[in-house]
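If you're wondering where the values come from, they're calculated on a predicted model, not measured in any experiment. Note on naming: letters A, B, ... go to the chains in the order of the sequence lines (proteins, then strands), and numbering restarts at 1 for each one.
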There are 2 protein chains.
Amino acid sequence: MSYATRQREVILGILRQASQPLTAQEIRERANQNRTGIGLATVYRALKIFMAQGEIAQVEIPGTAPCYEPTDRGHHHHFICQHCRQVFDVQGCVRDLEKLAPQDFQVERHDITLYGFCANCVEGHEQPETK
Amino acid sequence: MSYATRQREVILGILRQASQPLTAQEIRERANQNRTGIGLATVYRALKIFMAQGEIAQVEIPGTAPCYEPTDRGHHHHFICQHCRQVFDVQGCVRDLEKLAPQDFQVERHDITLYGFCANCVEGHEQPETK
DNA sequence: CCGAATACGATAATCGATTCTCAAATTCAG
DNA sequence: CTGAATTTGAGAATCGATTATCGTATTCGG
């Protein structure tokens with residue numbers, strides 16, 4: 001009912017090798033760096049299939065196009081660099097988040113997004129400590 | 001350089017009276033419930049002006065159109081009902097969020113978004129405790 | 001009150017993300 | 001290998017959010 005194709009392998013491979021969530025565009029660009037053209041439509045078709053299979057998940061970051069990442073990375077959150085706009089994975093979490101919601105509300109899940117400057121962009125922006 | 005108009009008063013009033021952040025569409029709908037037509041373009045023009053003045057801020061929620069809320073509500077976060085899709089303000093916060101980021105990263109701000117069912121929608125969905 | 005500056009409303013235009021279309025290419029069961 | 005089912009790529013089409021256009025209406029200093 002579904003064929004295994006070179007393109008889908010490439011797309012899934014790119015997502016797995018990436019250290020950050022990627023947008024559909026970024027996936028296409030990386031796919032085309034090496035081999036021949038993979039169409040954007042194909043990327044979206046593959047993403048839809050992989051999401052249906054639970055292989056990957058969409059990460060929606062305000063102000064950025066939706067990103068995708070493998071689901072096998074466990075519970076984590078994201079850091080967005082205000083300078084280079086890259087999205088980084090952040091391990092770890094905090095407890096007691098559910099307690100923030102009003103009592104009658106039922107919290108199913110949560111997202112934490114940190115904004116700031118990544119290691120590469122810290123220099124020159126908002127110097128951390130002019131020690 | 002900028003005229004005070006009935007429309008802008010209405011728009012700002014709606015945002016201030018609302019208990020939740022509102023989308024441009026929602027603002028227009030509420031404005032038109034009572035009086036005569038306020039165009040969507042006018043809503044966007046007013047929002048842009050109020051944001052430039054620091055009166056209101058944009059709240060970007062993945063999967064929802066951008067919302068707007070007054071800036072005088074202090075530090076808080078948001079809860080999105082997975083059923084009715086409404087956005088609720090959540091008071092309070094957690095500490096030590098900065099510690100989640102890698103050491104070389106500089107955290108400037110953060111967003112916490114809770115997802116689940118609001119008080120009105122809990123019944124019938126994922127019953128909390130079939131006690 | 002007058003008139004220039006500014007804002008309005010309706011709608012068309014734009015924008016970025018995503019989906020659709022369709023002929024050609026690929027996959028894979030037999 | 002063969003052919004039916006599926007997928008692909010390129011570009012057109014669509015979608016929702018936002019912005020631009022433009023003739024008319026409103027604001028407000030003098």
Side-chain angles (χ1 to χ4, degrees), chain A residues 1-15 20-53 55-69 78 80 85-87, chain B residues 1-15 18 20-53 55-69 78 80 84-87:
Chain A
M1 195 181 185
S2 179
Y3 291 170
T5 68
R6 177 182 65 82
Q7 289 88 340
R8 288 183 194 164
E9 285 173 24
V10 170
I11 291 167
L12 192 52
I14 288 172
L15 282 171
Q20 309 113 28
L22 301 177
T23 65
Q25 278 289 358
E26 289 169 340
I27 294 167
R28 193 180 89 104
E29 285 159 14
R30 296 196 184 197
N32 292 347
Q33 277 180 351
N34 318 316
R35 355 228 158 189
T36 49
I38 284 189
L40 199 47
T42 301
V43 174
Y44 279 110
R45 278 185 291 240
L47 290 175
K48 184 180 285 187
I49 290 171
F50 294 142
M51 281 202 287
Q53 294 175 346
E55 284 287 328
I56 65 172
Q58 194 180 42
V59 180
E60 300 207 60
I61 301 291
T64 319
C67 298
Y68 302 85
E69 67 182 355
H78 298 98
I80 291 89
R85 294 264 89 195
Q86 269 194 94
V87 178
Chain B
M1 195 176 186
S2 178
Y3 290 171
T5 68
R6 177 182 66 80
Q7 288 88 339
R8 289 183 192 164
E9 285 174 24
V10 170
I11 290 167
L12 193 51
I14 287 172
L15 282 170
Q20 309 114 28
L22 301 177
T23 66
Q25 278 289 357
E26 289 169 340
I27 294 167
R28 193 180 89 104
E29 285 159 14
R30 296 197 184 197
N32 293 347
Q33 278 180 352
N34 317 316
R35 357 228 156 187
T36 49
I38 284 189
L40 198 49
T42 301
V43 174
Y44 279 110
R45 277 186 291 242
L47 290 175
K48 183 179 287 187
I49 290 172
F50 294 143
M51 281 202 288
Q53 295 176 345
E55 284 287 329
I56 65 173
Q58 196 180 42
V59 181
E60 300 207 61
I61 302 290
T64 318
C67 298
Y68 302 85
E69 68 182 353
H78 297 100
I80 290 89
C84 68
R85 294 265 89 196
Q86 271 194 95
V87 178

Item to check | Between the first and last five pairs of the helix from dC1(C)-dG30(D) to dG30(C)-dC1(D), the angle of the axes, rounded to 10 degrees | outcome: 30°
Next on the checklist: By the 4.0 Å heavy-atom rule, please label I38(B) as base, sugar-phosphate, or nothing.
Outcome noted: sugar-phosphate
Checklist entry - Is there a side-chain contact between R85(B) and I80(B), using heavy atoms and a 4.5 Å cut-off? => result yes
Checklist outcome for this item: Closest non-hydrogen atoms of C67(A) and V87(A), given as atom of the first, atom of the second and distance, are SG-CG2, 4.3 Å
Item to check | Rounded interatomic separation in angstrom, taking CZ from F50(A) and C1' from dT7(D) | outcome: 13 Å
Next on the checklist: Starting the side chain at C-beta, find the nucleotide from dA7(C), dT18(D), dT18(C) nearest to Q58(A).
Outcome noted: dT18(C)
Item to check | Rounded distance (nearest 0.5 Å) linking atom CD1 of I61(A) with atom CD of Q86(A) | outcome: 12.5 Å
Next on the checklist: Using the side-chain heavy atoms of A41(A), tell me which of these nucleotides is nearest: dT18(C), dT27(D), dG11(D).
Outcome noted: dG11(D)
Checklist entry - Given atom CZ of R45(B) and atom P of dT27(D), what is their separation to the nearest angstrom? => result 15 Å
Checklist entry - Side-chain contact, heavy-atom cut-off 4.5 Å: T5(B) with T42(B)? => result no
Checklist entry - Atom CE of M1(B) to atom P of dT6(C): distance rounded to whole Å? => result 7 Å
Item to check | Taking every non-hydrogen atom, the tightest pair across Q58(B) and P66(B) | outcome: NE2-CB, 3.5 Å
Checklist outcome for this item: Whichever of Q7(B) and T64(B) has the more 5' nearest nucleotide on DNA chain D, that residue is T64(B)
Checklist entry - How is S2(A) classified with respect to the nucleic acid when contacts are heavy atoms under 4.0 Å: base, sugar-phosphate, or nothing? => result sugar-phosphate
Next on the checklist: Is there, by distance only and without an angle test, a donor paired with an acceptor across the side chain of R28(B) and the base of dG9(C) below 3.5 Å?
Outcome noted: no
Checklist outcome for this item: Side-chain contact check for L40(B): nearest option of dC28(C), dA17(D), dT18(D) is dT18(D)
Next on the checklist: I need the CD-C1' distance between E26(A) and dG16(C), as an integer number of Å.
Outcome noted: 14 Å
Checklist entry - Rounded to whole angstrom units, what separation is found between the CD1 atom of I27(B) and the P atom of dG9(C)? => result 14 Å
Next on the checklist: Treating R8(A) as the side-chain partner and Y3(A) as the backbone partner, does any N or O pair qualify as donor plus acceptor under 3.5 Å?
Outcome noted: yes
Checklist entry - What nucleotide, of dT7(D), dT6(C), dC8(C), holds the atom closest to the side chain of T5(A)? => result dT7(D)
Item to check | Integer-rounded Å distance: dG16(C) P and I61(A) CD1 | outcome: 20 Å
Next on the checklist: Quick check for you: among dA17(D), dG9(C), dA17(C), whose closest atom lies nearest to any side-chain atom of A65(B)?
Outcome noted: dA17(D)
Checklist entry - Starting at the 5' end of DNA chain C and moving along, which residue's nearest nucleotide shows up first, T42(B) or Y3(B)? => result Y3(B)
Next on the checklist: So which atom in A31(B) and which in I38(B) form the shortest heavy-atom distance, rounded to 0.1 Å?
Outcome noted: CB-CD1, 3.8 Å
Checklist entry - Looking at dT18(D), dC28(D), dT8(D), which one has an atom nearest to any side-chain atom of A4(B)? => result dC28(D)
Next on the checklist: So R8(A), base contact, sugar-phosphate only, or nothing? Heavy-atom distance under 4.0 Å.
Outcome noted: sugar-phosphate
Checklist entry - If you take all heavy atoms of A65(B) and T23(B), which pair is closest and at what distance? => result O-CG2, 3.8 Å
Checklist entry - Q25(B) CD to dT19(D) P: how many Å, rounded? => result 14 Å
Next on the checklist: How many whole angstroms separate atom CD1 of I49(A) from atom C1' of dT7(D)?
Outcome noted: 9 Å
Item to check | Nucleotide nearest Y44(A) when distance is taken to its side chain, options dT27(C), dT18(C), dA10(D) | outcome: dT18(C)
